[in-house]
Structures are given as structure tokens and as C-alpha cells.
Amino acid sequence: MENAVMESRDAARTDFIYCYGALTEVLKCGAAHLDTEHKVLVLIIPGNPGVVGFYRTFIQSLYTIFGCQYPVWAVSHAGHCMPPASMDMVEDDSSTAELDTFGLNGQIEHKLAFLRKHVPKKTSLILVGHSIGCYIILEIMRRDPNLKILKGVMLFPTIERMALTPQGKAITPVLCHLRYVAYLSIFLISLLPERVKSSLVKLVLGRVGSLDPAVVRATVGLLSGDSAANAVYMGGQEMRKVLERDNMTIKKNLEKLIFYYGATDHWCPVQYYHEIKKDFPTGDFRLCENGFRHAFVLDAGKEYPGNARLS
């Protein structure tokens, strides 16, 4: 009975909102709404695809690690979630197109809009980024230096030269030159029955020995509409725009930042770890000793990478 109560208390809840004109999914452990009594919020900014369902186990683990003292939320990327029956993907097609909400810059502005609207100014932030989420955190710090950010935790950070990485070289042609072929494939897959999509996902991810069931459900949802196409569109912009590392922002916020690199990560090679560590010798840069993959949420969401102290 005690275990059941604990699981219920730690369980993540989902809210769907419109933010920056687009559908947004917010996964929450702890307080569902913030007021002045909430001194700290732990906010996860995902990689791409920015589907918060991938991080369900991870945020529940973080919430427990913090002794259930602080709310832990994860905010999806704009348009990277399957709309509930009562909502559309966007509020206004014309404004979404004008703002380029689903592009990389739009996703950064989307996170800033979320913070301004849903987090009280006096609430301090622990931002946990994964992959391109780390680039977004640096941009948040650069664009709004008045935010009360205690820590920025950068997990497997894709913050520079993405197209030149081993994975970038392999996928850039698809994202940048064959994007419409990818869209057609996504559309055809979206027409399949849910059980068939679920079987396909399990087949593709079959090599992952301890696959988190939450990831399967989230992936099926991703393939059920426009979400995957929006992720592909954002990915193409990442390859074109994530070029040089933002050393100025890193230098200004170095004491707040923790970087955690993978030992065999094809999106941010070990070379990048050694280079940034050399450029910022007093910074907190860590190299994974646990064998976690770049997409650690597939099978290691219960284990917090790096066991970093966040406060």
C-alpha cells in the first residue's frame, strides 16, 4: 500500500496548452501550477524529437531524487505532440507561419514564452537540457539574462558543429535535401493502425535491452500526425544553424553550468568534450563512465546521468 501511495505521488501528469501559438505538452511531477511559494522549478528541455513522453521515467526519477521538494516539469517542443481531440496543432496558421514556430529559433522563443507566462518571476530555475535542449538553454541565458537560473545541466550537449559530427554527416542529407521524402514516409506510417505502429517501434528499438515502455507509447504518438514532420523540419534547421559554440554565453554563466558528455556519442564526439574542457579549464565538464547512449531515455531514465549536484 505504501508503494502504491509513493507511485501515485511521484506519477507525472500531462497538461496540453497553447504557447507561442502552438500546441505544447507539459509533463509535471509535483505542483501542477506555480505561485510565489514555489521557490525552485526543475524544468527539462528535451532533445529532438521534443516529446515529453520520452522523459516520463526520467522526470519521475528526478522528482524522487529531490525528495519531492521541487516540482519537476518537462515542456515539449512546439508541435511535437499529438493533439487531444479537443485541440488543434496551432491556434492560428498564419501567425505560426510568420513566427516560424516549428523552426529552431521559434522553438527557443517558445521556451522563453513558456517561462514568462507559466513561471513566476521570483521562482528560481534549474534547467536540464538534453541534446539540442542544451543549445536552447544557452540561447535562453543569452536572450534573457534576468531569468533566475541557478543551474543549467547539459546532458549530451549538441551545441556546436552538429552537421560535422558522425551522426550529423549521416543524417544531414535526409533532413536538408530529402525532407519531403521523409515527410511522405511519415505520412504513410501515420496511416497504419496503432498496433502495427507499436510493433514497428518495438522492432526498430529491439536492440535496446531494457527499453522503457513509456518510450514506445511516446514514439507511437509521435508517428500519429504532424509531430514527426515538425521534428524533421526543426532537425534540418539544427544542421544549418548550430555551428560555432557560443563561448561568450558559456563564459558568462560558467559557474552555473554542468556539461555531461557521452563517451561514445556520435552527436557530440569526445573530441568536443576535450576541446571545451581545454577552453574553459575551471568549468564543470564530465565524461560519462556509465555507458549511457545519447538517447539515454530509451533505457536509462531511472539513472540520473552524472549524478550531478544541481543546487
Side-chain angles (χ1 to χ4, degrees), residues 8-47 50-53 55-56 58-81 84 87 90-91 95 99 101 105-130 132-155 249 252-258 304 308-311:
S8 175
R9 183 178 67 171
D10 295 351
R13 300 177 300 279
T14 300
D15 280 345
F16 288 96
I17 61 173
Y18 285 114
C19 181
Y20 206 61
L23 186 69
T24 305
E25 183 177 1
V26 188
L27 203 57
K28 301 176 179 180
C29 274
H33 303 282
L34 300 181
D35 54 39
T36 54
E37 294 182 1
H38 295 100
K39 304 301 182 184
V40 177
L41 170 67
V42 181
L43 181 66
I44 295 167
I45 300 179
V51 178
V52 292
Y55 297 83
R56 180 177 293 274
F58 181 53
I59 75 166
Q60 291 175 168
S61 298
L62 278 184
Y63 186 61
T64 302
I65 287 170
F66 282 118
C68 306
Q69 295 182 59
Y70 309 126
V72 180
W73 294 1
V75 57
S76 78
H77 293 324
H80 286 210
C81 49
M87 301 178 76
V90 298
E91 283 186 296
S95 64
L99 295 170
T101 302
N105 181 70
Q107 297 290 0
I108 296 164
E109 290 298 326
H110 168 265
K111 305 307 175 295
L112 286 166
F114 177 82
L115 289 170
R116 290 164 184 157
K117 185 173 182 179
H118 297 280
V119 180
K121 289 183 178 180
K122 292 185 178 180
T123 300
S124 296
L125 295 164
I126 296 173
L127 301 179
V128 181
H130 174 221
I132 196 61
C134 302
Y135 178 88
I136 292 174
I137 287 176
L138 290 179
E139 282 295 303
I140 287 172
M141 288 177 157
R142 183 179 71 83
R143 298 184 190 193
D144 193 348
N146 294 320
L147 285 170
K148 295 181 64 177
I149 299 174
L150 296 177
K151 286 289 181 183
V153 183
M154 320 291 254
L155 303 177
T249 300
K252 286 181 178 178
N253 297 278
L254 190 60
E255 293 183 356
K256 299 178 181 179
L257 295 171
I258 300 170
Y304 179 64
R309 295 178 63 185
L310 305 185
S311 59

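The figures that follow rest on heavy atoms only: side chains count, while hydrogens, waters and symmetry mates do not. By convention here, the first residue in the shown sequence is residue 1.
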Looking at every non-hydrogen atom in both residues, tell me the closest pair between [X] and [Y] and how far apart they are.
X    : Y    : result
I132 : P46  : CG2-O, 4.0 Å
V128 : I137 : C-CD1, 3.8 Å
A22  : G79  : CB-N, 4.4 Å
C81  : E25  : CB-OE1, 3.5 Å
H110 : A78  : CD2-CB, 3.6 Å

Donor-acceptor check, side chain of [X] to backbone of [Y], threshold 3.5 angstrom: yes or no?
X    : Y    : answer
T14  : A12  : no
K148 : K122 : yes
W73  : A31  : yes

For the rings on H130 and Y55, is their centre-to-centre separation under 6.0 Å?
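Close enough - the centres of the two rings lie under 6.0 Å apart.
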Kindly indicate, with the supporting measurements, whether the criterion side-chain contact (heavy atoms from CB on, under 4.5 Å) is fulfilled by V75 and V52.
CA-CA 6 Å; V75 57; V52 292; 5.5 Å; no
Pairs involving residues 134-144, ordered by first then second residue, that meet salt bridge (charged side-chain N to carboxylate O under 4.0 Å, His left out) (sequence neighbours left out)
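As it turns out, the salt bridge (charged side-chain N to carboxylate O under 4.0 Å, His left out) pairs with a partner in residues 134-144, which skip direct neighbours, are E109-R143, R116-D144, E139-R142, E139-R143.
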Is any side-chain heavy atom of [Y] closer than 4.5 Å to one of [X]?
X    : Y    : result
V42  : Y63  : no
T101 : V90  : no
M154 : L138 : yes

Test log, rule side-chain contact (heavy atoms from CB on, under 4.5 Å), inputs L147 and L127
CA-CA 11 Å; L147 285 170; L127 301 179; over 6 Å; no
Residues in salt bridge (Lys or Arg N to Asp or Glu O under 4.0 Å) with K28, at least two apart?
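Here the qualifying residues are D15.
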Residue that, paired with L43, satisfies side-chain contact (heavy atoms from CB on, under 4.5 Å) out of L115, I149, T123:
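The residue from L115, I149, T123 that satisfies side-chain contact (heavy atoms from CB on, under 4.5 Å) with L43 turns out to be L115.
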Under the side-chain contact (heavy atoms from CB on, under 4.5 Å) rule, what do L112 and Y20 come out as? Steps first, then yes or no, please.
CA-CA 9 Å; L112 286 166; Y20 206 61; over 6 Å; no
What distance separates [X] [atom1] from [Y] [atom2], expressed to the nearest 0.5 Å?
X    : Y    : atom1 : atom2 : result
S124 : H38  : OG    : NE2   : 13.5 Å
I258 : K256 : CD1   : NZ    : 13.0 Å
I65  : I59  : CD1   : CD1   : 12.5 Å
L62  : Y70  : CG    : OH    : 13.0 Å
F16  : T24  : CZ    : OG1   : 10.0 Å
I44  : I126 : CD1   : CD1   : 11.0 Å

K252 atom NZ, over 12 foreign heavy atoms within 6.0 Å
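Not buried by this count: 12 neighbours or fewer within 6.0 Å.
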Are there over 12 heavy-atom neighbours, none belonging to Q69, within less than 6.0 Å of that residue's CD?
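Check passes, neighbour count above 12.
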Side chains of H77 and K111: is there a donor and an acceptor less than 3.5 Å apart?
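A pair is found: one side chain offers a donor N or O, the other an acceptor, under 3.5 Å apart.
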Residues in ring-ring contact (aromatic ring centres under 6.0 Å, His included) contact with H118, at least two apart in sequence or another chain:
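Testing H118 for ring-ring contact (aromatic ring centres under 6.0 Å, His included), a comparison that skips the adjacent residues, returns F114.
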Which is it for F66 and V40 under the side-chain contact (heavy atoms from CB on, under 4.5 Å) test, yes or no, and what are the steps along the way?
CA-CA 11 Å; F66 282 118; V40 177; over 6 Å; no
